[in-house]
Amino acid sequence: MGKRVAVVLAGCGVYDGSEIHEASAVLVHLSREGAQAEVYAPDVDQMHVVDHVKGKPTQEKRNVLVESARIARGNIKDLAELDVQGLDALIIPGGFGVAKNLSTWATQGKNCIISKEVEDVLKAFHAAKKPIGLCCISPVLAAKIFPGCELTVGHDTECEKWPYAKTAEAMKELGCKHVNKHVTEVHVDVRNKLVSTSAFMCNAPIHQIYDGIGRMVQEVLRLA
């Protein structure tokens, strides 16, 4: 029987939900490793809806669970139903939805509030000593909840390749140890069973992002 892994989504689309390529890469790599993905999302309204052509917010209202169901092909559950007992690991792909719908990082940075449901799930896996995989912006959730943990969002020096490097500095200010890693690499915090990789925090070819997420999935399953 393959490992059962909870995948928590934050909507559908990089600017207001889960990054679709990251979510897809997680599901593909879990499948390749013989693991069973169980997809969850909170049943809440998105912070806002972004027109992905114009890159600007619209007046629409959308629900995180309903939008996430697009990625999960309808096979999804309300995050409130997640039971850590029957699961071996947790993975949270990135995308601005993590910083807008799962937390308030997008507007408040290190002073953000994590959604109670999301915080409870992260703490439950951590308390059960079950591994947690995080990519792109989602490591900020662990940085906020688990002081002193070790994570990567790529590099901590801003440049064209690493446009979001200031995120690493904010994580350090929360008491987290940030470890610089290339996009195809991961960092494993063995003590906290956290596996992180930068994904689209880096301006890199999509196959390199895919490979980094694959490494993250492998390490999560190895720890499970």
Side-chain angles (χ1 to χ4, degrees), residues 1-20 22-24 26-27 30-31 35-50 60-108 111-146 149 192-196 216-217 220-221 223-224:
M1 190 72 178
K3 304 264 172 68
R4 294 175 65 203
V5 180
V7 178
V8 174
L9 299 182
C12 181
V14 57
Y15 298 125
D16 58 9
S18 287
E19 209 297 318
I20 296 169
E22 291 180 19
S24 177
V26 166
L27 296 174
L30 284 171
S31 174
Q36 178 185 337
E38 296 196 9
V39 186
Y40 296 85
D43 186 5
V44 296
D45 286 339
Q46 293 182 186
M47 181 185 113
H48 62 187
V49 176
V50 175
E60 273 186 86
K61 295 224 176 295
R62 297 193 187 186
N63 177 279
V64 175
L65 177 61
V66 172
E67 291 302 296
S68 299
R70 293 174 178 272
I71 297 173
R73 296 172 60 85
N75 188 13
I76 195 166
K77 296 175 188 169
D78 185 342
L79 185 59
E81 297 175 19
L82 189 151
D83 180 6
V84 69
Q85 296 298 328
L87 296 160
D88 298 297
L90 168 69
I91 294 178
I92 307 181
F96 280 94
V98 171
K100 294 176 177 180
N101 305 328
L102 305 188
S103 72
T104 59
W105 185 277
T107 53
Q108 295 181 287
N111 299 315
C112 74
I113 295 165
I114 310 290
S115 145
K116 185 175 186 309
E117 275 186 357
V118 174
E119 182 169 351
D120 287 350
V121 164
L122 281 160
K123 285 181 173 176
F125 275 91
H126 188 258
K129 298 192 176 348
K130 294 180 178 181
I132 299 168
L134 303 157
C135 67
C136 194
I137 191 66
S138 69
V140 301
L141 302 174
K144 183 72 178 179
I145 296 171
F146 308 122
C149 68
N192 289 294
K193 287 198 168 185
L194 300 174
V195 185
S196 50
M216 176 194 72
V217 167
V220 165
L221 293 174
L223 291 171

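Treat the numbers as computed from the prediction; the structure is a model and nothing was measured.
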Q: Between CD1 of I145 and OG of S103, what distance do you get to the nearest 0.5 Å?
A: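 I145 atom CD1 to S103 atom OG measures 9.0 Å (nearest 0.5 Å).
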
Q: Using the six-membered ring wherever Trp is involved, compare the ring planes of F146 and H126 and label them parallel, tilted or perpendicular (cut-offs 30° and 60°).
A: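 It falls in the parallel class, under 30°.
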
Q: Specify the closest pair of heavy atoms between I76 and A41, including all atoms of both residues, with the distance to one decimal.
A: CD1-CB, 3.9 Å

Q: Backbone N or O of I113 within a donor-acceptor pair of the T104 side chain at under 3.5 Å?
A: yes

Q: Would you name the heavy atoms of G95 and C136 that are closest together and state the gap between them?
A: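 So the two residues come closest at N-SG, 4.2 Å.
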
Q: Could you walk me through whether L82 and E117 pass side-chain contact (heavy atoms from CB on, under 4.5 Å), step by step?
A: CA-CA 10 Å; L82 189 151; E117 275 186 357; over 6 Å; no

Q: Between the side chain of K3 and the main-chain N/O of D88, is any donor-acceptor distance below 3.5 Å?
A: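 No.
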
Q: So which atom in Y40 and which in D78 form the shortest heavy-atom distance, rounded to 0.1 Å?
A: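 So the minimum-distance heavy-atom pair works out to CD2-O, 3.6 Å.
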
Q: Got a donor-acceptor contact below 3.5 angstrom from the R4 side chain to the E38 backbone?
A: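 Side chain of R4 to backbone of E38: no pair is present.
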
Q: Roughly how far apart are F96 CZ and Q46 CD, rounded to 0.5 Å?
A: 14.0 Å

Q: Short question: side chain of S138, backbone of G94 - any donor-acceptor pair under 3.5 Å?
A: no

Q: Can you find a heavy atom in the side chain of V5 that is under 4.5 Å from one in the side chain of V217?
A: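 No, every pair of side-chain atoms sits at 4.5 Å or beyond.
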
Q: Between V26 and E22, is any pair of side-chain heavy atoms under 4.5 Å apart?
A: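 Answer no - side chains too far apart.
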
Q: What are the two closest non-hydrogen atoms of V66 and N63, and how far apart are they?
A: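 Closest approach of V66 to N63, heavy atoms only: N-OD1, 2.9 Å.
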
Q: Heavy-atom distance under 4.5 Å between the side chains of V50 and K100, does that happen here?
A: yes

Q: Working to the nearest 0.5 angstrom, can you tell me the gap between N111 CG and W105 CH2?
A: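 It is 9.0 Å, given to the nearest 0.5 Å.
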
Q: If you round to the nearest 0.5 Å, how far is CG of L87 from CZ of F125?
A: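 With rounding to 0.5 Å, CZ (F125) is 4.5 Å from CG (L87).
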
Q: Is there a side-chain contact between E19 and V98 (heavy atoms, below 4.5 Å)?
A: no

Q: What residue among D45, D16, V44 forms side chain to side chain contact (heavy atoms under 4.5 Å, CB included) with V64?
A: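 The residue from D45, D16, V44 that satisfies side chain to side chain contact (heavy atoms under 4.5 Å, CB included) with V64 turns out to be V44.
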
Q: Please name the residue in the list L9, L79, L65 that meets the side chain to side chain contact (heavy atoms under 4.5 Å, CB included) test with P42.
A: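 Single pass found, and it is L79.
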
Q: Closer than 3.5 angstrom, by distance alone: can the side chain of K193 be matched with the main-chain N or O of L223 as a donor-acceptor pair?
A: yes

Q: Side chain of K130, backbone of A124: donor and acceptor closer than 3.5 Å?
A: no

Q: Any side-chain heavy atom of L90 within less than 4.5 Å of one from L122?
A: yes

Q: Going from CD on E81 to CG on D43, what distance comes out if it is rounded to the nearest 0.5 angstrom?
A: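 Interatomic distance, E81 CD to D43 CG, rounded to 0.5 Å: 9.5 Å.
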
Q: Could you give the distance from CG (D83) to NZ (K77), rounded to the nearest 0.5 Å?
A: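 One finds 9.5 Å between CG of D83 and NZ of K77.
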
Q: Any idea which heavy atoms bring A142 and C149 closest together, and the distance?
A: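 Closest approach of A142 to C149, heavy atoms only: O-SG, 3.7 Å.
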
Q: Would you say the side chain of C12 lies within less than 4.5 Å of the side chain of I20, judging by non-hydrogen atoms?
A: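 Counting from C-beta outward, I20 and C12 do come under 4.5 Å.
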
